[in-house]
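So that the names make sense, note that chain A is the first sequence line, chain B the second, and so on, each numbered from 1.
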2 protein chains.
Amino acid sequence: MSPRAGLDTHTLVIAAADIADEQGIEAVTLAALAAKLGVRSPSLYNHINGLQGLRTLLAIYGLEQLYTMMSAAVEGVSGDIAVHAMSQAYVDFARSRPGLYETTLRAPELENVPLELAGNLILSLMIHALKAYDLGEEGELHAIRGLRSILHGFTSLEHKGGFGMPLDANISLSRLISTFIAGIGNMKDVGKG
Amino acid sequence: MSPRAGLDTHTLVIAAADIADEQGIEAVTLAALAAKLGVRSPSLYNHINGLQGLRTLLAIYGLEQLYTMMSAAVEGVSGDIAVHAMSQAYVDFARSRPGLYETTLRAPELENVPLELAGNLILSLMIHALKAYDLGEEGELHAIRGLRSILHGFTSLEHKGGFGMPLDANISLSRLISTFIAGIGNMKDVGKG
DNA sequence: AATATAAACTAATGTAATTAGTTTTGCAAT
DNA sequence: ATTGCAAAACTAATTACATTAGTTTATATT
């Protein structure tokens, strides 16, 4: 299987995502990836720009997958239902692809155009869903920050086993989103500073 | 300075926390720590249980410091004010000691008694602050999860530069907490499932 | 002063990322 | 079909780090 393994960038990213999901993000090394693909690690450099490059590609891939899930979830719904659906999709994605999700947060290069693009897609999805609440320009931005904080924080804590109690996490999430929506008037530009 | 540098475990942890804050958590290596302390890296093993042991100690130290700040913040206040104050203290701590804060989340050993203890102190502080809202037993647990998600998520996103917009983050936080409090009735056991 | 212990050291091993330089393959153009 | 080239794989070597084993040395206690 040695000569011409027929690799390409996408194959590497898929395989690396698998490793991340199965063995954790720490296990995503070029050595492990090369072994999984039946190749020596320097060969990977023909397709990716080192470990850092791979991590950036993983982040982009993860964001794209996340966007796909969230986008499907809000298809044809709006208002509170859309916010709940989007949130549930976010958390479900992180649960089903824990390693891949984590790569979206450890992106080494902040100024990577495709990475920013993928992030902006998700952002615009959230913005669209929050339009229903008439928060004003700044209010909307604060609300986005809030929702992102909630989703990322919840996901992150759940992943690291931070929710020790035997209490249904989906209920926790659902109530948290309901809480957020119920109080969302506090995000408005007027009436609060 | 070679013979008998006079190190001890606490000195190592302090120095490692400095590295984490100044150069990021990735820079916390035994090699770097040893260099900073004027010692060869194997010498560190007299005081810590390898890199993993150091990380656990860092996490404990970070949680203790965080607890100290939060605890001071709620001194003598209660209700909404306490929740706001505690939240602000949490975020301020993460801002002032970004590396140390991050170590509290990457704890390798989940079943470490002192680590759990330090975490439980913070938890009990939150529980106490939320007593004011009469949420019931389960409601309280869901609310704790919610507040932790918010604080960790907000902190984490801010740290990674996720809040691109030129919009005051303290206002975002304040509104998020107000939103949470305003809707907290949704955490109650009755009236929602 | 003698000694035991703990703290430092040197030396060595294993893993990983990365670079340089080489071989080989497959396709494209003749 | 043959030639030639670019890409994809390789080997070899370097660097950095964690870790272990075994040695030396300082210091506190007797």
Side-chain angles (χ1 to χ4, degrees), chain A residues 1-61 99 102-103 106-109 112 115, chain B residues 1-61 99 102-103 106-109 112 115:
Chain A
M1 204 192 293
S2 318
R4 286 298 132 108
L7 300 181
D8 63 6
T9 305
H10 194 241
T11 304
L12 262 61
V13 172
I14 302 292
D18 280 352
I19 295 176
D21 286 335
E22 288 164 11
Q23 304 174 55
I25 201 171
E26 307 291 338
V28 179
T29 65
L30 294 188
L33 179 58
K36 185 185 177 90
L37 295 170
V39 139
R40 303 308 186 108
S41 34
S43 307
L44 302 176
Y45 285 77
N46 287 312
H47 307 287
I48 54 169
N49 192 7
L51 184 60
Q52 168 149 340
L54 176 65
R55 287 183 177 148
T56 301
L57 292 177
L58 274 170
I60 294 167
Y61 176 62
E102 212 176 342
T103 67
R106 297 219 193 162
E109 315 171 45
N112 180 286
L115 184 63
Chain B
M1 203 190 294
S2 316
R4 286 297 134 108
L7 300 182
D8 62 5
T9 305
H10 195 242
T11 304
L12 263 61
V13 173
I14 302 292
D18 279 352
I19 296 175
D21 286 336
E22 288 164 11
Q23 304 175 54
I25 200 171
E26 307 290 338
V28 179
T29 64
L30 294 189
L33 180 57
K36 184 185 177 91
L37 295 170
V39 138
R40 304 309 186 105
S41 35
S43 307
L44 302 177
Y45 285 77
N46 286 312
H47 307 286
I48 55 170
N49 192 7
L51 184 58
Q52 168 148 341
L54 176 64
R55 286 183 178 147
T56 300
L57 292 177
L58 274 170
I60 294 167
Y61 176 61
E102 213 175 340
T103 66
R106 297 220 193 161
E109 315 170 45
N112 180 287
L115 184 63

Starting at atom CG of A/Leu33, determine the distance to atom C1' of C/dA16, rounded to an integer number of angstrom. 13 Å
Value in whole Å for how far the C1' atom of D/dC10 lies from CG of A/Leu37: 16 Å
Taking atom P of C/dT19 as reference, at what distance in whole Å does atom CG of A/Leu51 sit? 12 Å
Can you say whether a donor on the side chain of A/Asn46 sits under 3.5 Å from an acceptor on the base of D/dA7, or the other way round? no
Closest non-hydrogen contact found for A/Ala15 with A/Leu37 is CB-CD2, 4.0 Å
When you look at A/Leu7 and A/Asn46, which way does the side-chain contact (heavy atoms from CB on, under 4.5 Å) test go after all the steps? CA-CA 9 Å; A/Leu7 300 181; A/Asn46 287 312; over 6 Å; no
Are any of A/Tyr45's side-chain N or O atoms less than 4.0 Å away from OP1 or OP2 of C/dT19? no
Give one of base, sugar-phosphate or nothing for A/Thr29, where a contact means two heavy atoms less than 4.0 Å apart. sugar-phosphate
What is the distance from CG of A/Leu7 to C1' of C/dT25, rounded to the nearest Å? 14 Å
Starting at atom CZ of B/Arg55, determine the distance to atom C1' of D/dT19, rounded to an integer number of angstrom. 14 Å
Strictly below 4.0 Å, N to O, side chains only: are B/Arg55 and A/Glu26 in salt-bridge contact? no
Hey, does A/Val13 have a side-chain heavy atom less than 4.5 Å from the side chain of A/Ile60? no
B/Glu102 and side chain to side chain contact (heavy atoms under 4.5 Å, CB included): which partner among B/Ile25, B/Leu58, B/Val28? B/Ile25
Between C1' of D/dA21 and CZ of B/Arg40, the distance in whole Å: 17 Å
Between D/dA18 (P) and B/Leu30 (CG): distance, integer Å: 4 Å
Proximity to the side chain of B/Val39 - top-ranked nucleotide from C/dA17, C/dA8, D/dC10: C/dA8
Proximal nucleotide (of C/dA8, D/dA12, C/dA17) relative to the A/Pro42 side chain: D/dA12
Provide, to the nearest angstrom, the distance between the NE2 atom belonging to A/His47 and the P atom belonging to D/dA7. 12 Å
Would you indicate, yes or no, if C/dC9 has its OP1 or OP2 atom less than 4.0 angstrom from a side-chain nitrogen or oxygen of B/Ser43? yes
